[in-house]
Structures are given as structure tokens and as C-alpha cells.
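Right, one structure below, let's go through it.
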Amino acid sequence: MAPLAFYLSAMALLAQESVAFNCSIPPIYVDIHKRVTHFTDNFQYGSFIGVGTPAQNHSLWPSLSNNQTSFGASTFCDGNSTLKDCETSTGGFFNPRDSTTFTEDPDYQTLDTAPNTTFNESLFGHDSLRLYTHYFETDGAWQTVVDNSSVEVVEAGSTKPAIVGLGTSSTLLNDLAARNQICGKMYSLYIGQGFDRAGGAVNGSNVFGGYDAGRFVDPVHKYSMSSAGTNHLNIRVKDIIISETNNANANVSLFDTTTFPSMASRPDAFDAQITTDQYPLSLPYEITQNFVSHLDADEDNTWGDNSLKLKKPFNGSMTIILDDGFQVTLPPSVLVNASNITPVQSRAKDSKEPFYLSTAFLTQVYLMADFEKQSFFLATAVQKDNMVMPTPFCPGSTPTAYQRPNQGAFVKQGLIGAIVGGVLGGIGIGICAYCFVASCRRRVAERRIEKRAEEGRKAAKMAQFEVEEVTEFDPPPKSATPFFWKKR
Ligand SMILES: *[C@@H]1O[C@H](CO)[C@@H](O)[C@H](O)[C@H]1NC(C)=O
Ligand SMILES: *[C@@H]1O[C@H](CO)[C@@H](O)[C@H](O)[C@H]1NC(C)=O
Ligand SMILES: *[C@@H]1O[C@H](CO)[C@@H](O)[C@H](O)[C@H]1NC(C)=O
Ligand SMILES: *[C@@H]1O[C@H](CO)[C@@H](O)[C@H](O)[C@H]1NC(C)=O
Ligand SMILES: *[C@@H]1O[C@H](CO)[C@@H](O)[C@H](O)[C@H]1NC(C)=O
Ligand SMILES: *[C@@H]1O[C@H](CO)[C@@H](O)[C@H](O)[C@H]1NC(C)=O
Ligand SMILES: *[C@@H]1O[C@H](CO)[C@@H](O)[C@H](O)[C@H]1NC(C)=O
Ligand SMILES: *[C@@H]1O[C@H](CO)[C@@H](O)[C@H](O)[C@H]1NC(C)=O
Ligand SMILES: *[C@@H]1O[C@H](CO)[C@@H](O)[C@H](O)[C@H]1NC(C)=O
Ligand SMILES: *[C@@H]1O[C@H](CO)[C@@H](O)[C@H](O)[C@H]1NC(C)=O
Ligand SMILES: *[C@@H]1O[C@H](CO)[C@@H](O)[C@H](O)[C@H]1NC(C)=O
């Protein structure tokens with residue numbers, strides 16, 4: 001009797017978990033790239049999200065601190081906005097009067113209460129948000145509609161008003177999770193670098209309720225969110241190394257007192273906040289000074305963000321080492337661009353501002369956030385991605401990267417698989433029951449994603465899952481081919 005009771009209660013536990021979080025719900029993938037936006041005639045980089053009925057399409061910048069999702073009012077650039085190139089930088093203009101689904105809410109209390117982060121003047125209301133999934137430029141998009149969601153219409157401000165708010169009280173994540181449109185408050189981000197300040201070509205993506213398994217490589221590093229505060233994604237930096245591309249022996253630690261005798265002792269590791277609210281990194285004063293003296297940098301303000309500029313070109317990279325050993329390397333093209341601009345901000349000696357690992361850092365990193373369990377994960381981002389693999393992210397689970405096959409590894413895997421299979425065979429019924437539940441869930445998710453794909457794009461071919469044609473592209477082995485690889 002005892003074993004049976006044990007299995008029954010194990011099944012009950014599994015069932016309970018799936019009641020709280022339905023991890024079969026497919027995630028919502030929203031790409032980030034340059035696109036045309038409502039009432040502007042230029043292309044702007046951001047998340048493809050529309051608002052209202054009929055849709056007014058915008059290009060929203062993901063913010064990890066703001067909670068509200070906001071749009072620039074059609075009058076945003078009239079008057080005194082200090083936003084640079086206002087007419088072509090707002091991410092679109094939203095006119096609530098043109099939307100049949102907009103309802104104003106004059107009593108709405110904004111969840112963005114932190115000082116200096118709110119827009120100067122906004123009106124609040126509810127409207128339909130339209131999250132577009134658009135894998136391939138030449139193909140159509142399909143939409144996920146989030147009806148009656150909170151919308152902030154920004155009438156005045158000095159920063160870009162079109163923001164998708166992904167702070168700890170994100171209205172959008174809350175709505176999606178509460179309405180079972182995603183499995184829970186789970187969110188993943190690759191910010192990309194296809195925008196002017198970064199000067200790159202690679203586009204980014206948001207995944208609500210999931211992650212893109214093709215966008216990062218293992219290992220995945222886990223951190224705890226701080227429970228409160230505007231920036232809840234904090235990590236600890238223990239070292240920063242500058243390397244020269246053509247001189248492997250020229251590595252210099254910005255923490256090293258021998259190289260930088262102006263420091264009396266080795267600096268302590270420091271806490272930094274992950275943010276998309278600025279591009280350049282903000283590092284402690286003495287580390288910044290060491291960067292300045294080692295690379296011969298000058299203060300500069302080409303982009304209004306105080307990024308340091310070098311007097312002469314430097315061909316090298318910068319590796320940021322976190323206290324758990326995770327290393328993130330900013331490659332030469334990011335560390336110094338052709339105009340000698342770096343992604344490191346100057347810093348006043350007495351500044352009390354937090355330290356930031358900001359957008360420049362995230363161009364190299366995939367971020368996966370579990371707001372249900374207050375944890376987040378970082379992994380090295382895959383820059384040249386050739387597939388999009390939205391994968392449900394179950395609260396409490398650890399994301400795993402898609403394993404890129406190579407011939408040798410595959411042969412080894414085959415062998416290991418056989419051995420593991422033999423061992424598992426002896427363990428028995430418990431594992432079988434689990435496997436049955438797991439594969440069942442997976443099949444439901446697979447069918448559901450396929451169905452949605454068909455709904456969205458009637459005569460669709462799934463070739464859109466290949467983002468670009470890359471010659472060095474390695475197809476996966478047939479036995480490991482997930483369903484969404486199949487072309488139709
Ligand atoms: C979980 O989500 C799937 C896919 O959306 C759905 O088919 C299923 O009915 C849901 N299960 C529960 C218990 O809500
Ligand atoms: C990024 O998106 C743009 C569209 O804004 C597209 O033209 C470009 O090819 C994309 N880049 C890559 C590397 O896929
Ligand atoms: C907004 O984008 C969607 C998806 O591409 C498109 O169907 C719709 O026509 C666009 N709306 C406007 C007003 O351009
Ligand atoms: C612009 O600023 C001036 C001076 O502060 C003020 O008088 C004027 O009302 C402002 N205009 C708008 C449209 O806000
Ligand atoms: C918004 O507020 C900031 C700081 O108070 C100010 O510098 C800026 O000029 C204001 N912008 C507008 C459009 O009023
Ligand atoms: C978002 O909400 C969190 C928690 O409710 C709060 O700590 C944070 O300050 C808010 N963000 C802003 C920009 O106010
Ligand atoms: C808000 O901004 C003003 C002006 O830029 C600055 O003096 C003040 O210290 C800021 N407050 C906070 C809490 O950052
Ligand atoms: C929209 O949401 C608001 C606040 O959540 C609620 O008061 C209102 O009744 C909702 N409207 C509709 C039409 O569902
Ligand atoms: C280097 O970066 C700066 C700031 O983003 C930009 O203004 C400049 O055009 C870039 N230079 C080149 C050659 O890309
Ligand atoms: C210097 O750094 C580079 C890049 O991080 C690394 O590949 C190389 O092994 C390092 N050289 C030494 C001598 O540690
Ligand atoms: C940096 O050095 C590498 C290796 O020699 C070379 O391929 C690359 O073109 C150099 N980059 C610049 C900007 O000089």
C-alpha cells in the first residue's frame with residue numbers, strides 16, 4: 001500500500017503545481033527591431049506593440065524598472081519636450097480619440113512612483129494592447145490581444161515615452177498572467193544591438209511567459225531578485241579585465257593595485273543594477289579612473305550619456321567577472337567603435353548614483369526573469385542566431401539552452417543516451433509516470449503552438465523560424481529535431 005500512496009501523492013503534487021501555473025501555455029514572442037511606427041515616417045528600434053482599435057502600431061523600448069506601459073501622446077513634441085530629435089524618436093504617436101476601445105481613468109494611481117523616473121505629464125486609461133509576433137520581415141505578423149490593459153499616454157517628458165514596463169509590478173505581465181495568456185509572470189529579454197547607439201545589426205526579442213532557447217548557450221547562472229526597489233536585478237562584480245586582441249599577455253585588471261598604484265588597496269567587489277534605461281555602464285569612480293588612464297580616454301557627450309571617448313583606437317575587449325564566476329566579454333566592436341566612443345560613462349568622485357550594468361552589457365547577455373519565484377537567470381547570448389525557439393518557462397524551473405549539435409558530440413550523446421537508458425530502465429514505475437505527464441504536457445503545448453501559428457498565418461510555412469540564412473548553419477540531427485523545425 002505504501003508505494004501506491006506515495007505515487008498517488010506525487011501525482012497530486014504534480015497536479016497541484018499545474019493548477020497554480022499552467023506550463024503548457026505557449027509563450028508570446030515579440031521581436032525587437034527597427035520598424036515604422038504610427039504617425040512617423042522613419043524606422044525606430046523597439047518591441048513591435050500596437051495599441052487601440054484600430055491598431056496604432058508603436059516601437060516600445062523594454063524597461064526593467066518601469067511598471068506602466070506607455071505611449072507618446074500625439075502632442076508629445078509640441079511645446080517644450082527636451083527629447084532629442086523628438087518627432088522621430090518617440091516610438092510612435094498615440095491618439096486615444098482614434099481608438100474605439102480606449103477608456104480614460106482619471107483616478108488611476110500610477111505604479112511608477114520612484115522619483116525622477118516618471119514622465120512629467122501623463123493621462124491614464126485602459127485599451128487593447130496588441131503584441132505582434134513577427135519572425136520574418138517579409139512575412140505577416142500575428143497578434144496576441146490583451147484587452148482592457150492599463151495604458152499611460154505621455155504628454156510631456158524628456159525621455160522616450162514608448163516603454164513596455166517590465167518592473168516588479170509590470171501591468172502587462174500581471175494582465176497576461178492573470179488572464180492565463182502566459183503560464184506566469186515570466187519574461188526573457190535579448191535587447192539586441194541593431195540600434196544607432198550600439199551601431200550593430202543583431203535584432204532582439206521579448207518572450208513573455210517563456211524564453212528563446214536558441215538565443216543563449218549553457219551554462220545558465222541564477223540570481224535572486226531584490227524584493228523591493230526600482231531596480232530589482234542586482235549582481236555583484238568582482239573583477240574587470242581589459243584584453244588586447246593581438247597581445248594575449250597584455251591583460252590588465254582594473255582592480256589591480258600594481259598596475260594602478262593610485263589605489264591604496266584592491267577595490268571591493270561592487271553591486272551593480274541591470275538596466276535598459278541607459279546605454280553606457282556606470283562603474284565605481286576609481287575603476288572608471290583606471291579605465292580612463294589605461295585606455296587614454298576623455299570625457300565626451302556625443303550621445304548625451306557621458307560615454308568616454310578614446311584619443312586613439314584600441315583593439316581589445318573588456319571582460320566583466322561576476323562574483324559567481326560568470327564572465328561577460330564586451331567584444332572590440334562594442335568596447336570601442338570606429339569613432340573611438342566607449343560604452344563606459346564618466347563618473348564624478350562624489351556621485352551617489354547606483355552602478356549600472358546597462359544596455360551595453362545586455363547586448364552580450366540573455367536575461368530570463370522569474371517574477372513568481374523572485375529569481376533571474378543570465379547566460380551568454382548567441383549573437384548570430386539562426387532559429388527562434390520560444391519555449392515555455394515554468395515558474396521555479398531553470399531554463400536550458402537548445403543544444404547545438406556537432407558531429408562528434410552527437411556520436412557521444414548517442415552513446416551516453418544508451419547507457420542512461422539502461423540505468424533508467426531499472427528504476428521503474430515512478431519515472432514512467434513522470435515521463436508520461438511530462439510528454440503529455442509537451443504534446444499539448446506543441447499542438448497549441450502549431451494551432452496558433454496556423455490561426456495567425458493561414459497558408460504559413462514555418463520557414464520563418466529561421467531568422468536568417470547562415471552558411472555555417474548546422475541542422476540538428478533528425479532524432480533531436482523539434483517539431484518547429486519542419487518546413488511546410
Ligand atoms: C493549460 O493550458 C493548455 C494550453 O493553453 C490548455 O489546453 C489546458 O486546458 C490548460 N489546463 C488547465 C488545467 O487549465
Ligand atoms: C534586423 O531587423 C531589420 C528590420 O528592422 C532587418 O532589416 C535586418 O535584416 C535584421 N537583422 C538581422 C541580423 O536579422
Ligand atoms: C499594425 O501592424 C499589424 C501587423 O503587422 C498590421 O496588420 C496593421 O495593419 C498595422 N496597423 C497600421 C495602422 O499600420
Ligand atoms: C513651455 O515653457 C514655457 C516656459 O516655461 C511655458 O510658459 C509654456 O507654457 C510651455 N509650453 C508648453 C506647451 O508646455
Ligand atoms: C520634465 O522634468 C524634467 C525634470 O524635472 C525637466 O528637466 C524637463 O524639462 C521637463 N520636461 C518637460 C517637457 O516639461
Ligand atoms: C515599480 O514597482 C516596484 C514595486 O512595486 C517599485 O519598487 C518600483 O519603484 C516601481 N518602478 C518605478 C519606476 O517607480
Ligand atoms: C532628481 O533629479 C534632480 C534634478 O535632475 C536631482 O537634483 C535629484 O537629486 C534627483 N533625485 C533623485 C532621488 O534621484
Ligand atoms: C477594464 O479594467 C478596469 C480596471 O481593471 C475595470 O474597472 C473595468 O471595468 C474594465 N472594463 C471592461 C470593459 O472590462
Ligand atoms: C560610434 O558611436 C557613436 C555613439 O553611438 C556614434 O555617434 C558614431 O557614429 C559611431 N561611429 C561609427 C563609425 O559607427
Ligand atoms: C587574456 O584575456 C583573453 C581574453 O579574455 C584570454 O583569452 C587570454 O587567455 C588572457 N591571457 C592571459 C595571459 O591570461
Ligand atoms: C583587431 O585585431 C584583429 C586581429 O588581428 C583584426 O582582425 C581586426 O581587424 C582588428 N580590428 C581593428 C578595429 O583594428
Side-chain angles (χ1 to χ4, degrees), residues 11-12 14-28 51-53 67-69 96 99-111 124-129 144-152 169-184 186 208-210 239-256 258-259 294 314-322 325-335 364 380 390-395 437-455:
M11 295 298 281
L14 277 170
Q16 259 171 26
E17 198 184 302
S18 62
V19 168
F21 299 112
N22 183 347
C23 297
S24 302
I25 302 175
I28 302 167
V51 60
T53 312
N67 301 304
Q68 303 290 154
T69 289
S99 169
T100 56
T101 40
F102 182 82
T103 49
E104 195 178 340
D105 184 353
D107 301 325
Y108 187 83
Q109 297 292 315
T110 176
L111 299 175
F124 289 88
H126 287 84
D127 206 341
S128 299
L129 294 180
T144 304
V145 182
V146 192
D147 284 320
N148 193 32
S149 195
S150 168
V151 165
E152 175 173 6
S169 298
S170 165
T171 56
L172 176 56
L173 268 190
N174 281 340
D175 284 350
L176 285 171
R179 299 166 191 189
N180 286 324
Q181 288 180 287
I182 55 175
C183 62
M186 315 298 283
F208 299 94
D239 206 351
I240 298 178
I241 314 269
I242 306 280
S243 311
E244 275 178 48
T245 308
N246 299 312
N247 183 355
N249 295 319
N251 294 359
V252 161
S253 162
L254 297 180
F255 283 61
D256 182 23
T258 321
T259 320
H294 186 60
F314 174 78
N315 193 352
S317 60
M318 180 162 101
T319 301
I320 297 164
I321 305 177
L322 305 187
F326 182 35
Q327 303 194 0
V328 175
T329 299
L330 304 186
S333 59
V334 175
L335 183 58
Q364 311 303 314
T380 304
T391 306
F393 183 3
C394 202
V437 171
S439 71
C440 226
R441 284 190 188 169
R442 201 163 51 234
R443 273 201 299 272
V444 169
E446 287 170 4
R447 273 202 300 270
R448 176 66 197 258
I449 295 177
E450 276 184 325
K451 193 160 147 266
R452 277 163 56 102
E454 270 161 17
E455 280 166 5

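All ligand and atom numbering here is 1-based and tracks the order in the structure.
- Atoms of ligand 10 found under 4.0 Å from any heavy atom of N251 (numbered from 1 in listed order, with element): 1 (C), 2 (O), 3 (C), 8 (C), 10 (C), 11 (N), 12 (C), 14 (O).
- Under the rule for a side chain to side chain donor-acceptor pair (under 3.5 Å), T380 has no partner lying at least two apart in sequence or in another chain.
- Near S243, with a cut-off below 4.0 Å to any heavy atom, the atoms of ligand 10 are 1 (C), 2 (O), 3 (C), 4 (C), 5 (O).
- Not a single donor-acceptor pair under 3.5 Å links the side chain of Q68 to the backbone N or O of F124.
- For a threshold of 3.5 Å applied to N or O pairs, the pair formed by N249 and ligand 10 contains no separation below that value.
- Around ligand 8, the residues contributing at least one heavy atom under 4.0 Å from the ligand are H126, N148.
- Taking distance alone, with nitrogen or oxygen atoms compared against 3.5 Å, S24 stays at or beyond that limit from ligand 1.
- Take D147 and apply the side chain to side chain donor-acceptor pair (under 3.5 Å) test, not counting sequence neighbours, and it matches S128.
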Open item on the list: Between C394 and C23, does the disulfide (SG to SG under 2.5 Å) criterion hold? Intermediate values first, please.
Closed with: CA-CA 5 Å; C394 202; C23 297; 1.9 Å; yes
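- Using modelled atom types, no side-chain atom of T329 and backbone atom of P331 make a donor-acceptor pair closer than 3.5 Å.
- Checked against side chain to side chain donor-acceptor pair (under 3.5 Å), T245 has the following partners two or more places apart in sequence or in another chain: N315.
- Atoms of ligand 1 lying under 4.0 Å from any heavy atom of I25, numbered from 1 in the order shown and given with element: 2 (O), 5 (O).
- Partner of S253 under the side-chain hydrogen bond (donor to acceptor under 3.5 Å, both in side chains) criterion, out of D239, T259, T258: D239 alone.
- Side chain of N67 to main chain of L111: a donor-acceptor pair is present (N/O by atom type, distance under 3.5 Å, no hydrogens or angles).
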